[in-house]
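Following: one structure in structure tokens, then a few remarks.
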Amino acid sequence: MTELKSRNFKRLYKKEIADQKLRANLKKATIQASDKRNDSFAEVDFNFLRNEAKKIKQESVSHLNDLLSQFEDRAHKNNCTVFYAESPEKANAYILEVARKNAVKKIVKSKSMVTEEIQLVPFLEKYGIETVETDLGEYIIQLAGETPSHITAPAIHKSRTEIAQLLHDKIGIELNDDPAFLTGEARKALREKFLSAEMGISGANFLVAENGTVVVVENEGNARLSTSAVKVHVVVTGIEKVIPRFSDLRIFMRLLGRSATGQKLTSYVSLIRGPRTDKEKDGPEEVHIVLLDNGRSRLLGSEHQEVLHCIRCGACLNVCPVYRNIGGHAYGSVYPGPIGSLVTPLFFGPENAPELPFASSLCGNCTEVCPVGISIHHQLLAMRQEIKSETKGGLEKFVFKNFRKTMLRPQRYRLFSRLARIFSSTPIARKAIKGWTDYRDLPQLPSRSFREIYKSNKGKG
Amino acid sequence: MTDDREKIFAAIRRSLRGTERSDALRSPASPLTSVHREDPEPPFRKFRTELEALGGFAESLKYETDASKFIAEHTEPASSIFIYDQVATRFRSLVGSLSESRRLRFGNEFAAGYDKREVASFDAAVTGCAACVAETGTVVIQTDMRLPAALAPKLFVVVEQKQLVASLDELFTDTFGNADASNLFMITGPSRTADIEKQLVKGVHGPRDVLVLFINE
């Protein structure tokens, strides 16, 4: 694996936050998305569904071995091949082996966060296998040579003008920034890929232990084609995606589309049980299901176990004041936003993302909207404590130690608040905390405290 | 290549050792509690409201020949229309009548390994369905050919009233669908994207038009 960019969060966010256009694009898109989400829950009882989903996920991760065994058994009966990979390297090597065995030259791929996590596309391309992203947003990002900046809206940071120029340069279409035109042109280019590819790769939103069903949720129809128009279908997903029963889907289907895009249900849900049967005339001849661990099993039994409940809807990104201002690329991880600030250090090690748990105002918006009840902001706080308890000394520790003392002693508090009021009125104040004032206002504190004003006005009616 | 099954299972066991399990696994046969609030609208009206809100179309027709007339009206005279075997078998009058004005291609003309490009050239496909869900305006199809319904720009779904269920609760039961088939697809309105500046565009890789015809005959 290449070194994670998430180590450089401080440098990355400074670049992004200075981009006013990006911030405006993000704000508009995320506010629109969260408004749609809120409207879509009007007809159902969100809290009831969330509690049910949480119970199912708790049940699933605490019985993970049993459910994986059951899923594997059913999948074998459905003529699928199941492959367990402890690491990204192992998963990639297996997928390459499957591709080579089938003399695959071209792969069509639908959206999958796990394939981003294991950096599958660059790996396959390195071995000369053309691997085409077919979700429109992912296709745009692939042509731009970038990484997604949102879990469900990968090109959220790009304007239509930028996309029009990109498609003009890369696939030679007329320069026209109408989204319908651009979508139509991308459809034409990708249709050709679907018809000529030998292999398809998808993720999975859920794996049903009871009957071995792989559930893939999407809106464009590209996942349906990536899993149907090919000779070999490879599913790549995490071990935590398994749920016990087919009937559990009635809970998750009502939550996922609403949380992700404000839809009651996404346009397509593919329920895949296996390769084509003797009675069917198309569909893949082979289905391989690659189940990735990559740090997930370590989280079981820990205080971070509930992070494994995540269904990757992206709702927490849309409501996060930090994400709204810095966008996904600043996180330097395939998993951005509040949930990414947890998943990245947990999957890849805290040394690879030491700053991410601090990229939160701890306002709790993320926890409020999480459809599976992950207490995201409490988890972030716990991660901060773990990271800080491992570091020694430092100015920050000194400051916070003294802040605590000050807050506990009224006399000391009054002294320091008076000093702060005097200091904030001096010209050096702004310069002294330049890092803070670069992107924010520093309002001048009033010359008298509330207590002083109250005392002087007491009795005046 | 040998996989890491045993290593991963051992790691899971190690991590979960000493932790309390939240619940015993609930039996799959345990009774389901409906989570769907009852709709004041009758199921067909609800189905139509939901589908049309997404840009799809639903109509209740008396006879199969009405459906045939509808399909002819909504396709060009030169269109080539793919007819799934299940439709050809179940709705003979519809197909017979439609064949008088449109060029029809039938599922039984194709064998495994068929030419995908030929199927991609069809202007429309007519399929039956396994169920329809009023709550979300969804049709669920289970067919022996996946591609015609996934590639055609226009998809007609012919439904019998008895196939309409009120909610997703009735769909996700352990007896739903033909267990021997490799797939089930749920289709809720046209293929769509909002990947460019969150502006909704219909018809990306799948059908732009989804027209569902209920036959009461």
Side-chain angles (χ1 to χ4, degrees), chain A residues 29 32 48-49 58-59 62-65 83-86 90 94 97 136-137 153 155 159-160 163 179-180 182-183 187 195 210 219-222 224-225 228-229 244-247 249-250 253-254 264-265 267-277 279-283 293 297-298 300-301, chain B residues 1 3-5 7-9 11-13 15-19 21-23 25-26 28 32 35 37 50 110-112 114 116-117 120 136 138 144-147 150 168-169 171-174 179-199 201 204-206:
Chain A
Q32 190 186 329
F48 174 80
L49 290 170
Q58 279 170 340
E59 182 189 8
S62 60
H63 294 82
L64 198 52
N65 267 359
F83 185 87
Y84 289 87
E86 204 178 24
K90 193 75 178 262
Y94 178 73
E97 187 180 284
L136 179 62
S159 70
R160 66 169 77 185
I163 295 168
L182 295 168
T183 304
R187 172 190 169 113
L195 295 176
E210 178 178 88
N219 276 315
E220 295 180 5
N222 63 308
R224 205 170 155 211
L225 290 173
S228 294
R245 295 158 296 264
F246 194 56
S247 60
L249 290 173
R250 74 211 159 97
M253 287 300 119
R254 286 180 171 113
K264 289 181 185 172
L265 192 62
S267 301
Y268 299 110
V269 180
S270 299
L271 303 160
I272 299 163
R273 288 186 183 152
R276 75 165 72 153
T277 64
K279 288 177 186 159
E280 293 170 352
K281 297 173 191 168
D282 62 9
D293 183 345
S297 60
R298 258 201 327 261
L300 294 165
Chain B
M1 188 184 295
D3 73 1
D4 297 326
R5 185 185 190 282
K7 277 193 211 166
I8 293 174
F9 274 58
I12 295 172
R13 268 195 302 274
S15 295
L16 286 176
R17 193 174 297 148
T19 61
R21 289 184 168 198
S22 61
D23 280 308
L25 269 176
R26 287 182 281 169
L32 299 176
V35 296
R37 288 180 188 160
E50 292 300 328
F110 296 85
Y114 66 80
K116 287 190 271 186
R117 285 177 196 279
T136 48
T138 302
D144 62 345
M145 285 173 78
R146 301 185 190 189
L147 290 186
L168 293 171
D169 296 339
L171 199 66
F172 293 116
T173 62
D174 50 4
D180 296 332
S182 70
N183 67 87
L184 269 168
F185 288 111
M186 298 170 68
I187 303 168
T188 308
S191 148
R192 57 193 260 167
T193 185
D195 273 343
I196 303 176
E197 287 192 356
K198 288 265 157 208
Q199 191 164 321
V201 177
V204 193
H205 301 292

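Order of the sequence lines fixes the chain letters, A, B, ..., with proteins taken first and strands second; residue numbering starts at 1 for each chain. Keep in mind it's a predicted model, so treat the numbers as computed, not measured.
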B/I12 and A/L300: CA distance, side-chain angles, deciding distance, side-chain contact (heavy atoms from CB on, under 4.5 Å) verdict:
CA-CA 7 Å; B/I12 295 172; A/L300 294 165; 3.6 Å; yes

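Only the side chain of B/V201 has a heavy atom closer than 4.5 Å to any heavy atom of chain A. Looking at A/E97, only its side chain comes within 4.5 Å of chain B, counting heavy atoms on both sides. If you measure heavy-atom distances from B/R17 to chain A, you find no contacts under 4.5 Å at all. The contact between A/P179 and chain B is made by backbone and side chain atoms together, counting heavy-atom distances below 4.5 Å. Residue contact with chain B, scored on non-hydrogen atoms closer than 4.5 Å, involves the backbone and the side chain of A/E220 alike. The contact between B/F185 and chain A is made by backbone and side chain atoms together, counting heavy-atom distances below 4.5 Å. Contact annotation for A/L136: both backbone and side-chain heavy atoms come within less than 4.5 Å of a heavy atom of chain B.
When A/A155, A/G137, A/S228 are compared by the number of non-hydrogen pairs under 4.5 Å with chain B, A/S228 comes out ahead. In terms of heavy-atom pairs under 4.5 Å with chain A, the best-connected choice from B/K7, B/R117, B/R13 is B/R117. Contact count against chain B (heavy-atom pairs under 4.5 Å) is highest for A/S267 among A/S267, A/G301, A/S297, A/A180. For the options A/L64, A/T277, A/I163, A/L195, heavy-atom pairs under 4.5 Å to chain B are most numerous at A/L195. Per-residue counts of heavy-atom pairs under 4.5 Å with chain A were compared for B/K198, B/R192, B/M145; the largest is that of B/R192.
At least one donor-acceptor pair under 3.5 Å links the side chain of A/N65 to the backbone N or O of B/F9. The main-chain N or O of A/A229 is found under 3.5 Å from a side-chain atom of B/K116 such that the two form a donor-acceptor pair. No donor-acceptor pair closer than 3.5 Å links the side chain of B/T136 to the backbone N or O of A/K264.
Taken to the nearest 0.5 Å, the CE atom of B/M186 stands 10.0 Å off from the OG atom of A/S270.
Closest heavy-atom contact between B/N183 and A/E280: ND2-OE2, 4.0 Å. Considering every non-hydrogen atom in both A/R187 and B/G206, the closest pair reads NH1-O, 3.3 Å. What you find for A/P275 and B/S182 is that their closest heavy atoms are O-CB, 3.2 Å.
Side-chain contact, A/Y94 with B/D3: no donor N or O sits under 3.5 Å from an acceptor N or O.
For the pair B/D144 and A/K281, the salt-bridge criterion is met [side-chain N within less than 4.0 Å of a carboxylate O].
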